[in-house]
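Owing to the predicted nature of the structure, the values given are computational and were not obtained by experimental measurement.
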Amino acid sequence: MKRYVGITGFVNRAEVDFALSVLPEGLTLMCGVLVSAKSLAGVKNKWHRRYPAPEEIAGIFSPDPRCLNLIHYCSDTPPPWDTIRDLARLGGCGFQFNGAYPEPDTLLRIVDKMIVLQVRPGKTTPDAFRAAVSGTWNCETHALIDGSGGMGREADPRTLAAWATTISGYFGSDIGLGFAGGLDADSLPRIAHEVRTWGASIDAEGRLRDGDEGGTLNLDKARAYLRAAGEIMAPTAQEQGR
């Protein structure tokens, strides 16, 4: 399973190139580009400064081998196959589904892509998660346990651990685990124990941004976050192939 340190909300290649330039050695950067039904149709949403125009997305993703490119699709209703097909044409090497998951039979049509399913404690049910996973066996599958949804609310370490325990109880090591929720350089140490215990990926969004309408990425905050991630997520000897 790929393990990554993520930043979600990139809107241009310059931001990605900067993050790669300060990425600690041995880590993989998850480049998360946000898409919604509105942005896909060329309509501004409430957080439009985080959502690039569809025609710009392919140029944001980097071919750098240290970069894991994911389209994060946000929807309150299960996205149909036609929408996923349109997303695939925008670029990226996989998908994260936030909010409503595609139906299992729709997910089964995605082959050889990485799929991340956002888990929202208090909203996502274990049954809904298990049903979605039943449609992802053609892909590498991860769960991102995220109580914030890009709003900057700090994750509760106990909630992360409880969900990680539940998911690993269902699927063992077949599902990769990731944690999110109000992460930045200051808050990341609060969940360091859980990240190390579960070998989890991490993802940050809201607290790395400044301004209204979704804000813009603060490069100093991104640098500090990646530095903190390097200290917490240093590759193990096994991951380094030793």
Scan residues 63-79 for pairs that pass salt bridge (Lys or Arg N to Asp or Glu O under 4.0 Å), counting only residues two or more places apart or in two chains.
-> D64-R66
Is the side chain of D203 donor-acceptor paired with the backbone N or O of L144 at a distance under 3.5 Å, no angle test?
-> no
Verdict with reasoning, M114 to H142, per side chain to side chain contact (heavy atoms under 4.5 Å, CB included) = CA-CA 8 Å; M114 183 167 166; H142 292 242; 3.3 Å; yes
For S36 and S39, indicate whether the former's side chain and the latter's backbone hold a donor-acceptor pair under 3.5 Å.
-> yes
CG/D86 to CD1/I84 distance, rounded to the nearest 0.5 angstrom?
-> 10.0 Å
Side chain to side chain contact (heavy atoms under 4.5 Å, CB included) test vs P52 passes for just one of N12, I60, V35, namely I60
Expected output: side-chain E140 to main-chain K2 donor-acceptor under 3.5 Å = yes
Do W47 and L34 have side chains that get closer than 4.5 Å, going by heavy atoms?
-> no
NZ/NE/NH1/NH2 to OD/OE distance under 4.0 Å, E205 and R50 | yes
When rounded to the nearest 0.5 angstrom, what is the spacing between OG in S62 and CZ in R13?
-> 5.0 Å
Under a 4.5 Å side-chain heavy-atom rule over Ile, Leu, Val, Met, Phe, Trp and Tyr, are L27 and L20 clustered together?
-> yes
Under 3.5 Å: donor-acceptor pair, side chain of Y101, backbone of L107 | no
Non-hydrogen atoms of C67 and C31 that approach each other most closely = SG-CB, 3.7 Å
Please check if the side chain of S21 supplies one atom and the backbone of F18 the other of a donor-acceptor pair under 3.5 Å.
-> yes
W137 with L177, same ILVMFWY side-chain cluster at under 4.5 Å | yes
Donor-acceptor contact present, side-chain S201 to main-chain Y4, <3.5 Å = yes
Got a second to check how far Q118's CD is from R120's CZ, nearest 0.5 Å?
-> 6.0 Å
Quick one: closest heavy-atom pair of V133 and F171, and the distance?
-> CG1-CE2, 3.5 Å
Are side-chain heavy atoms of I71 and L90 found at a separation under 4.5 Å?
-> yes
Taking every heavy atom of R196 against every heavy atom of I232, the minimum-distance pair comes out as NE-O, 3.6 Å
Could you pull out the closest heavy-atom pair between P79 and A100, with the gap in Å?
-> CD-O, 3.7 Å
With F97, which residues qualify under ring-ring contact (aromatic ring centres under 6.0 Å, His included), at least two apart?
-> F95
Lys/Arg-Asp/Glu bridge criterion (N-O < 4.0 Å) met for E154, R207 | yes
Hey, could you give me the CG/CG distance between N98 and L117, rounded to the nearest 0.5 Å?
-> 9.5 Å
If you round to the nearest 0.5 Å, how far is CD of E231 from CG of L226?
-> 11.5 Å
Hydrophobic cluster membership, V16 vs V22, 4.5 Å side-chain cutoff | yes
Around atom CG of D112, are there more than 12 heavy atoms of other residues, nucleotides or ligands at under 6.0 Å?
-> no
Sidechain N-carboxylate O distance under 4.0 Å for R49, D212 | no
Counting only N and O atoms by type, is there a donor-acceptor contact under 3.5 Å from the side chain of T165 to the main-chain atoms of A161?
-> yes
Would a hydrophobic clustering, with Ile, Leu, Val, Met, Phe, Trp and Tyr connected at side-chain separations under 4.5 Å, put V11 with L87?
-> no
Indicate yes or no: at least one non-hydrogen side-chain atom of M233 is less than 4.5 angstrom from one of V5.
-> yes
If you take all heavy atoms of I7 and Y225, which pair is closest and at what distance?
-> CG1-CE2, 3.7 Å
Is I167 reachable from V116 through a run of hydrophobic residues whose side-chain heavy atoms are each under 4.5 Å from the next?
-> no
Under 3.5 Å, is there a donor-acceptor pair between the side chain of T166 and the main chain of A162?
-> yes
Beyond-backbone contact of K113 with C93, side-chain heavy atoms, under 4.5 angstrom | no
Apply the test side chain to side chain contact (heavy atoms under 4.5 Å, CB included) to residues I110 and I115: give CA-CA distance (whole Å), side-chain angles for both, the deciding distance (0.1 Å), then the verdict.
-> CA-CA 9 Å; I110 305 173; I115 294 178; 4.1 Å; yes
Any side-chain donor paired with an acceptor under 3.5 Å for S187 and D184?
-> yes
Residue pair L183 / L208: nearest heavy atoms and the distance that separates them = O-CD2, 4.2 Å
Please assess K221 against D210 for the test side chain to side chain contact (heavy atoms under 4.5 Å, CB included), listing each intermediate value before the final yes or no.
-> CA-CA 10 Å; K221 291 179 181 179; D210 295 326; 2.7 Å; yes
Could you tell me whether the side chain of I202 reaches within less than 4.5 Å of the side chain of M30, counting heavy atoms only?
-> no
Check: Y170 main-chain N/O paired with R130 side-chain donor or acceptor under 3.5 Å = no
Answer whether the closest heavy-atom distance between the side chains of L70 and L68 falls below 4.5 Å.
-> yes
Check: A128 main-chain N/O paired with T125 side-chain donor or acceptor under 3.5 Å | yes
Side chain to side chain contact (heavy atoms under 4.5 Å, CB included) between W198 and F179: does it pass, once the steps are laid out?
-> CA-CA 10 Å; W198 294 98; F179 298 147; 3.9 Å; yes
First locate atom CZ of R85, then atom OG1 of T83, and finally report the distance between them rounded to the nearest 0.5 Å.
-> 9.0 Å
